[in-house]
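Beneath this line is the structure, given in structure tokens, with notes to follow.
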Amino acid sequence: YKENKAMHYMNQANAHNATQDTTMQDSAMHDTATKATQDTAPLKGITVIDWTQVQSGPSCTQMLAWMGADVIKVEKVQGGDPTRNEMNDVGGSYSLYFLQLNANKKSITLNMRDPEGKKILAELLKKADVFVENIGPGDVEKLGFGWNDVHAINPRLIMASLKGFNKGSRFEHVKAFEPVAQSAGGAASTTGWYDGERNVPTQSGAALGDSNSGMHLLIAILSALLQREHTGEGCYVYQSMQNAVLNLCRVKLRDQLILDRLGKLSYYDCYPNYEWGKQGKAIPRAANAEGGLVLGWCYRAKGWEHDPNAYVYIVVQQSKKGFENFCHAMGFEDWLTDPRFNTANARDEHKTEVYQRVEAYTMQFDKYTLTKELGAKGVPVGPVLDWYELENDPDLNGDGTIVTIDQQDARGDFKTIGMPFTMSNFVPDYQRAPKLGEHNREILHALGYDDDQIASLRDSGVIGGNDGVQADLK
């Protein structure tokens with residue numbers, strides 16, 4: 001018994017030591033990986049002053065922060081970024097709208113109508129690489145921080161502005177929100193259905209006006225940083241939300257030019273039963289069509305009666321090989337020799353028959369089975385995934401697309417979309433969003449302010465902050 005007991009404790013001790021060794025190895029590997037990530041951060045050493053709010057600007061500056069830049073978010077003393085309080089569902093924290101767009105940033109609050117607040121911002125700009133702003137049209141100039149002003153403060157500084165419309169546009173001074181940009185950028189007029197009561201301009205579920213504009217501005221900022229390597233001087237980059245939407249609607253200009261010339265668009269879903277020109281000279285809304293000579297459509301799958309997203313999108317390619325793959329996968333071999341279907345132009349003339357027969361097939365199977373089976377046979381196909389499915393998708397949660405961040409307050413963990421691309425030698429270190437004014441003291445100390453001066457700034461309302469807000473959603 002004593003020998004068995006001794007052996008038991010020896011085994012326990014060995015197991016404990018092995019566990020300790022493994023834990024130490026894992027910890028060392030984690031530290032090494034973290035250091036490697038920090039060393040390879042693309043924007044390590046870059047300082048960004050982020051005077052943006054809501055979605056378009058913060059989506060850009062969050063990406064800069066994830067890529068290693070030191071991003072200092074400048075906010076109003078009272079309330080800060082408006083989205084901190086917007087649609088908040090957890091009292092004592094901030095809204096998900098704010099948290100999902102401001103991770104990895106530092107927060108300083110400044111009263112920009114006070115000379116001392118302006119002085120502090122000027123001091124920050126002297127040491128910064130990039131200054132990003134999306135406040136109201138003309139406001140940054142009125143407050144003394146237009147391009148000429150900041151270029152004089154720091155000639156190496158890159159200034160980036162994001163507004164609704166281009167400089168010189170007749171709408172230059174109009175405030176723009178997401179739907180305004182989609183409407184003015186050619187997205188709303190081409191999205192939706194072309195007949196009946198549904199024939200109204202329609203907003204996309206994707207943030208074409210906001211986050212898309214932020215990603216366009218990101219490209220401009222990274223380009224300006226590379227340019228500075230050659231010139232030694234900063235430049236001014238300007239991105240309008242209208243232009244960002246237009247850039248993603250480029251093929252709609254293609255369609256308009258073709259319509260101008262031919263008077264019809266045979267590859268549009270409304271063709272051939274459409275009175276061209278009756279509703280004006282513009283291209284009609286495209287419904288669910290793919291938008292090119294390939295014939296794409298959204299088809300009901302098994303379970304559509306009780307699930308509004310039990311659908312798959314299937315594309316019938318125009319190439320001979322692609323069409324053959326489709327026919328063999330679906331069991332439609334008769335179409336290979338049927339002149340109504342065996343060319344792309346013929347299929348355009350008989351869209352209704354194509355839609356009906358394909359959907360009769362797809363309704364027999366669920367959307368995941370269809371995607372797996374047809375995809376394996378070379379057919380372009382994808383399930384319509386709703387946001388409950390995406391939130392819990394094992395692939396997206398496992399590969400770093402959807403990341404979980406601990407906000408370290410009443411909210412605790414929350415999910416967000418991480419950096420949308422990967423790099424072979426770098427993974428972002430995702431951190432929580434800042435409390436309002438959380439880094440006032442740290443940032444002001446770095447500028448040379450002592451504790452008494454910081455207290456005076458707080459007492460006079462130049463700086464301030466809070467640790468959370470009340471929930472406004474019940």
Side-chain angles (χ1 to χ4, degrees), residues 38-39 41-53 57-58 60-77 80-81 102-112 114-135 140-141 143-162 217-218 220-237 431 434 436-454 456-458 462-465:
Q38 291 171 346
D39 289 345
L43 297 182
K44 180 183 179 182
I46 297 295
T47 298
V48 178
I49 306 304
D50 173 15
W51 197 4
T52 70
Q53 57 185 7
C60 170
T61 52
Q62 179 172 251
M63 285 292 295
L64 293 171
W66 282 347
M67 289 191 282
D70 184 17
V71 177
I72 299 173
K73 184 177 178 71
V74 177
E75 301 186 70
K76 295 180 293 184
V77 175
D81 188 314
N102 291 282
N104 289 64
K105 300 178 184 180
K106 296 176 181 177
S107 170
I108 184 172
T109 54
L110 293 175
N111 180 355
M112 291 306 300
D114 188 295
E116 196 64 32
K118 293 181 179 181
K119 177 185 174 183
I120 294 169
L121 179 57
E123 290 298 315
L124 288 171
L125 295 177
K126 286 180 183 179
K127 301 180 179 182
D129 297 284
V130 182
F131 173 42
V132 191
E133 63 88 18
N134 75 336
I135 63 175
V140 73
E141 290 81 9
L143 291 168
F145 292 95
W147 167 238
N148 291 333
D149 302 301
V150 301
H151 192 55
I153 291 172
N154 180 356
R156 283 182 55 80
L157 182 70
I158 294 160
M159 179 173 174
S161 293
L162 200 161
L217 185 64
L218 175 68
I221 291 170
L222 296 177
S223 299
L225 283 168
L226 282 173
Q227 183 195 67
R228 193 179 68 173
E229 294 296 308
H230 304 292
T231 66
E233 189 175 39
C235 72
Y236 181 44
V237 299
Q431 299 294 324
L436 181 61
E438 178 177 349
H439 302 92
N440 285 346
R441 182 178 297 276
E442 173 190 328
I443 294 167
L444 291 171
H445 274 159
L447 292 178
Y449 288 78
D450 62 29
D451 287 344
D452 290 340
Q453 290 172 314
I454 294 172
S456 177
L457 290 172
R458 184 175 59 250
V462 176
I463 63 173

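How far CG of Asn134 is from OG of Ser161: 9.0 Å, rounded to the nearest 0.5 Å. In this structure, the separation between CD1 on Ile49 and CG on Asp70 is 8.0 Å, given to the nearest 0.5 Å. Atom CD1 of Ile108 sits about 7.0 Å away from atom CD1 of Ile72, to the nearest 0.5 Å.
No donor-acceptor distance shorter than 3.5 angstrom exists from the side chain of Lys126 to the backbone of Asn154, with no hydrogens or angles considered. Looking at Glu229, its side chain never comes within 3.5 Å of a backbone N or O of Leu226 through a donor-acceptor pair. With hydrogens and angles disregarded, a donor-acceptor distance shorter than 3.5 Å links the side chain of Glu75 to the backbone of Asp81. In this structure, Arg228 contributes its side chain and Arg156 its backbone to a donor-acceptor pair below 3.5 Å. Side-chain N or O atoms of Asn104 include none that pairs as donor or acceptor with a backbone N or O of Gln62 at under 3.5 Å. Asn102 contributes no side-chain N or O that, together with a main-chain N or O of Pro58, makes up a donor-acceptor pair within less than 3.5 Å. In this structure, the side chain of Glu141 does not engage the main chain of Gly146 through any donor-acceptor pair within 3.5 Å.
Test Val237, Asp50, Leu222, Val48 against Val130 for side-chain contact (heavy atoms from CB on, under 4.5 Å) and you get one pass: Val48. Partner Met112 forms a side-chain contact (heavy atoms from CB on, under 4.5 Å) with one of Leu121, Val77, Ile120 and no other, that one being Leu121.
Minimum interatomic distance between Lys44 and Asp39 (heavy atoms only, all atoms of both residues): NZ-OD1, 3.6 Å.
Note: Trp147 and Tyr236 have parallel aromatic rings, judged against thresholds of 30 and 60 degrees for the angle between ring planes.
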